[in-house]
Structure formats: structure tokens, C-alpha cells
Number of protein chains: 2
Amino acid sequence: MSQKLRQHIEEIVKITDEEFEYVLSHFTYRKFLMNQYVIQERDYVKYDYFVLNGLLKSWQLDEKGKPHIVLFATENWWISDPQAFYNQTKATLNIDCLEDSETLYISLDNREKLCTEMRKMEYFFRKKTTSGYVASQKRILSLISFNAKERYDYFTQQYPDLLQRVPKTLIASYLGITRETLSRLTSQ
Amino acid sequence: MSQKLRQHIEEIVKITDEEFEYVLSHFTYRKFLMNQYVIQERDYVKYDYFVLNGLLKSWQLDEKGKPHIVLFATENWWISDPQAFYNQTKATLNIDCLEDSETLYISLDNREKLCTEMRKMEYFFRKKTTSGYVASQKRILSLISFNAKERYDYFTQQYPDLLQRVPKTLIASYLGITRETLSRLTSQ
DNA sequence: CAATAACCGTGATTTTTATCACGCTCATTT
DNA sequence: AAATGAGCGTGATAAAAATCACGGTTATTG
């Protein structure tokens with residue numbers, strides 16, 4: 001099971017068995033059930049979660065009480081409240097499970113420790129953060145330059161598997177449109 | 001002038017005079033004129049630019065020929081096409097100057113070299129990338145949960161100085177609305 | 001100094017999207 | 001087996017934003 005983390009790391013840097021054992025010793029395994037919360041608004045955010053399997057979402061309520069999806073995380077994704085995690089402050093995001101999910105989580109201290117002790121892991125995390133940044137720049141561009149239909153098409157192209165696993169209402173929330181508008185887009 | 005870079009770095013890590021001299025030796029100074037291009041779509045992106053003064057924008061044309069602003073960069077900001085810079089591929093963004101601008105730029109190799117040789121600089125760049133990521137997550141949330149007026153108010157609150165320096169047309173493009181809609185928002 | 005272009009406001013209209021309302025299906029619970 | 005609720009589609013209407021069009025101001029340029 002934890003081999004998934006190794007494969008994930010080795011997409012970026014090659015490591016030995018011993019190195020991986022050492023890396024893994026900085027993570028803790030935890031299983032969450034469907035609908036269970038991983039992080040709640042106002043919690044201190046101690047960990048970054050690597051998803052072994054399952055499906056989670058991070059989201060925020062607006063002042064009118066509407067939820068907005070920041071991210072869906074499936075197998076091989078990382079999920080947390082980055083702002084709160086890196087600054088070790090309270091969450092403004094919520095994270096909960098759309099499916100039963102298994103995770104390996106790591107504290108900021110352990111992450112910094114790995115970065116300090118292993119240049120490869122420092123490189124790995126740096127690459128991950130960078131690609132997360134690049135991905136969010138792309139999402140920003142899609143939000144400012146695409147209309148509802150174009151954003152939906154872009155989503156289906158990027159995450160075809162999520163279409164089956166995530167209720168349309170939540171996809172609409174991720175896209176910044178209402179479920180009714182999304183329904184009309186897909187029924188035509 | 002290059003003291004600005006030092007101050008910027010020292011907001012995150014303290015460095016000695018010698019260390020700063022060494023860091024600085026990895027950067028090159030370049031001045032750009034108003035309307036001059038720093039990066040053009042399809043260029044290879046060799047550098048990340050630290051802005052000493054002036055004002056630049058990064059943007060992309062959509063298929064209808066409309067420009068969309070990804071970022072405005074003033075004093076103490078970094079600007080590049082991150083995707084192309086980190087992967088050393090061709091730009092999909094354009095970067096040009098709204099004002100005469102002075103920059104210190106660094107190549108990816110030199111950046112990696114500094115990260116390898118100086119843990120402090122590795123930490124500095126990691127922090128920078130992280131805070132860029134956090135900032136773009138916030139912008140995503142503002143785009144999916146705010147209407148035009150709310151996005152404009154959020155912009156004025158975040159970047160009050162840019163209101164004076166950037167034409168309204170470009171602010172509208174950054175917000176993902178038309179200049180006419182923005183004009184009506186501000187005249188009421 | 002006239003000509004030009006950038007920038008901005010605003011009216012009229014159209015298009016897009018949100019809101020409100022209702023009903024259907026399907027799975028889960030009692 | 002009936003009851004409940006989540007998920008989804010869809011009609012009618014309202015609201016938000018885009019589009020098209022025009023004019024006015026200001027700065028720049030030939």
C-alpha cells in the first residue's frame with residue numbers, strides 16, 4: 001500500500017529501499033470513512049495528506065452559506081489547507097471524504113526534517129509545490145477566460161474519472177456555477 | 001538598488017554581506033522600457049524576474065483574441081511564465097511592461113545552484129513558491145465565490161496602489177469581466 | 001496646431017447565468 | 001412496504017454581465 005507513495009516520489013526522484021523506509025517513517029497511516037471530516041474550519045492544520053485511495057474534497061462556505069470546492073483529491077494527490085499548514089495556523093478550509101479514503105499524512109516538522117536531511121526529498125517537495133502552483137495558474141486562466149460550458153469541457157478533459165465519482169452539484173461548485181446551469185449544459 | 005533584493009530575501013531568511021554578494025552574482029540586471037516585451041509566447045523561458053521597480057503584466061490571448069491578465073508585478077514581485085520556466089519549455093504567456101521597469105533576473109540553473117549550495121536560499125525559494133501557491137488558491141476562491149463587484153472590492157483591498165497605475169481595462173481583464181461592467185461598478 | 005489614439009463612461013439590447021419552484025428516480029432507513 | 005432524502009432535470013422568471021454603439025476627454029504625435 002505504501003508502495004504507492006514510493007511510486008509517486010519516484011516519478012520525480014529515484015530513491016533506494018533504505019531511503020524510502022526512512023521517508024516512510026515520517027508518515028502516519030490513517031483511514032477515513034465516507035463523510036468523515038479530515039480538517040474543519042478553525043482547526044489547527046498539522047498535516048499534509050497523501051491520498052492512497054478514495055476521494056476527498058476541500059471547500060469553504062461563503063458568507064451566504066454556499067459551499068465552494070477548492071480541490072478534489074483522489075489517489076496520488078496531496079490535500080490540506082496549504083495556507084494554514086505552512087503557517088501552522090487555523091484552517092479556513094474544510095476537508096472531508098466523498099468516499100472511504102486511506103491516507104499517509106506528514107507533519108510540517110517532519111516535512112522540513114526530510115527536506116533538510118535529504119536533498120532528493122527537498123527537490124521532490126519543491127517540484128510538487130511548483131506543479132501545484134502551475135496547475136492553479138491554469139485554473140485561474142480558465143476561470144477568467146472561459147464561460148460555464150468551456151470550463152465544464154476543460155474539467156471533463158482534465159478529470160474524466162471524477163465525472164463518474166463526484167455528484168454534479170459538487171462539480172458545479174468547483175466550476176463556480178450553479179447545479180442548474182451545469183445540468184442544462186450537459187443535457188444539451 | 002540591488003539592496004532591494006537583499007531586503008526582500010531578508011524578510012524570510014537572514015544572510016550575511018558575503019552571502020548576499022554570492023547570491024547577487026547569480027542574477028543579472030536588466031532594464032526594460034514601457035511597452036517592451038520581456039517574454040513572448042513561444043519564446044523559451046530562461047529566467048525568473050525580480051522586479052526592482054516599474055510595473056509589468058503577464059497575460060494570455062484566448063482563441064477569440066481577448067487578452068487575460070494572469071498577474072501584475074510591481075516592486076518586489078517575481079514574474080515569469082512559471083510553467084515554461086520550470087520545465088524549460090516555450091512560453092504560453094506574454095510578459096510586457098506597463099511602465100519602464102528594472103529587474104534582476106536569474107536562470108533556472110543558477111536558481112538550482114543557489115538552492116543546492118545554500119540551504120537558506122532553498123528555504124527562501126520554497127517559501128516564495130508556497131506563498132505564491134496560497135495566493136493563487138485565494139484568487140481561485142474569489143473567482144468561484146464572488147460576483148464582479150465583490151471581486152473588484154477584493155482587488156482594491158489587496159492592491160490599492162494598482163488602481164492608480166493600471167488602466168481600468170486591464171484590471172477588468174484581471175478580474176475576468178469586461179471594461180464596461182467594471183466601469184458601471186465603479187460609477188455607482 | 002490639427003490629427004490620432006488610448007482611456008473611460010454610458011445607453012440600449014442581448015446573452016448568460018442565477019434563482020425559485022416543482023417533480024422524478026433511486027437508494028437508504030424505519 | 002412506506003417514508004425520507006439525495007441527486008438530478010427542467011420550466012419560468014429575474015438578475016448579472018456581455019455586446020454593440022457612441023461620445024467625450026486627454027495625451028501624444030506628426
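Order of the sequence lines fixes the chain letters, A, B, ..., with proteins taken first and strands second; residue numbering starts at 1 for each chain.
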Range-with-range stems for DNA chain D, at least three Watson-Crick or G-U pairs under 3.5 Å: C:1-30 with D:1-30
Aromatic A:Tyr105 / basic A:Arg30 pairing, under 6.0 angstrom, 45° off normal: no
Sequence neighbours excluded and cut-off under 3.5 Å, please list the side-chain donor-acceptor pairs for residues 44-56 of chain A, or say none.
from: A:Asn53; atom 1: OD1; to: A:Glu102; atom 2: N; distance (Å): 3.4
from: A:Asn53; atom 1: ND2; to: A:Glu102; atom 2: OE1; distance (Å): 2.8

Residues B:Glu21 and B:Arg6 bridged, charged N to O under 4.0 Å: no
Spacing of A:Ile171 atom CD1 relative to D:dG7 atom C1', expressed in whole Å: 12 Å
Minimum side-chain heavy-atom gap B:Pro82-B:Phe85 below 4.5 Å: no
A:Ile95 reachable from A:Ile106 in the ILVMFWY side-chain graph, under 4.5 Å edges: no
Within one Ile-Leu-Val-Met-Phe-Trp-Tyr cluster: B:Tyr154 and B:Leu141, side-chain cutoff 4.5 Å: no
Any residue of residues 158-169 of chain B with a heavy atom less than 4.0 Å from an atom of DNA chain C: B:Pro167, B:Lys168, B:Thr169
Any B:Tyr159 side-chain heavy atom under 4.5 Å of B:Leu163 side chain: no
Filtered N/O pairs between nucleotides 22-28 of chain C and protein, under 3.5 Å:
none

Sugar-phosphate, base or nothing in reach of B:Ser187, heavy atoms under 4.0 Å: sugar-phosphate
B:Gln60 side chain vs B:Asn94 backbone, donor-acceptor pair below 3.5 Å: no
Dump the pairs, protein N or O against N or O of nucleotides 12-19 of chain C, anything under 3.5 Å, distances to one decimal.
from: C:dA12; atom 1: N6; to: B:Arg184; atom 2: NH2; distance (Å): 3.4
from: C:dT17; atom 1: OP1; to: A:Ala148; atom 2: N; distance (Å): 3.0
from: C:dA18; atom 1: OP2; to: A:Thr178; atom 2: N; distance (Å): 3.2
from: C:dA18; atom 1: OP2; to: A:Thr178; atom 2: OG1; distance (Å): 3.2
from: C:dA18; atom 1: OP2; to: A:Thr181; atom 2: OG1; distance (Å): 2.7
from: C:dT19; atom 1: OP2; to: A:Lys66; atom 2: NZ; distance (Å): 3.2
from: C:dT19; atom 1: O4; to: A:Arg184; atom 2: NH2; distance (Å): 2.8

Cluster link B:Tyr22 to B:Tyr29, ILVMFWY, side chain under 4.5 Å: yes
Charged N-O contact under 4.0 Å between A:Glu112 and B:Arg126: yes
Check nucleotides 24-30 of chain D for protein N or O atoms closer than 3.5 Å to its own N or O atoms and list the pairs.
none

Charged tip of B:Arg139 within 45° of B:Tyr174 ring normal and under 6.0 Å: yes
A:Leu108 side chain near A:Gln88 side chain, heavy-atom distance below 4.5 Å: yes
Whether A:Trp78 and A:His8 hold their rings parallel, tilted or perpendicular, with breakpoints at 30° and 60°: tilted
Cluster link A:Leu185 to A:Ile69, ILVMFWY, side chain under 4.5 Å: yes
Distance under 6.0 Å and angle within 45° of ring axis: B:Arg111 vs B:Phe125: yes
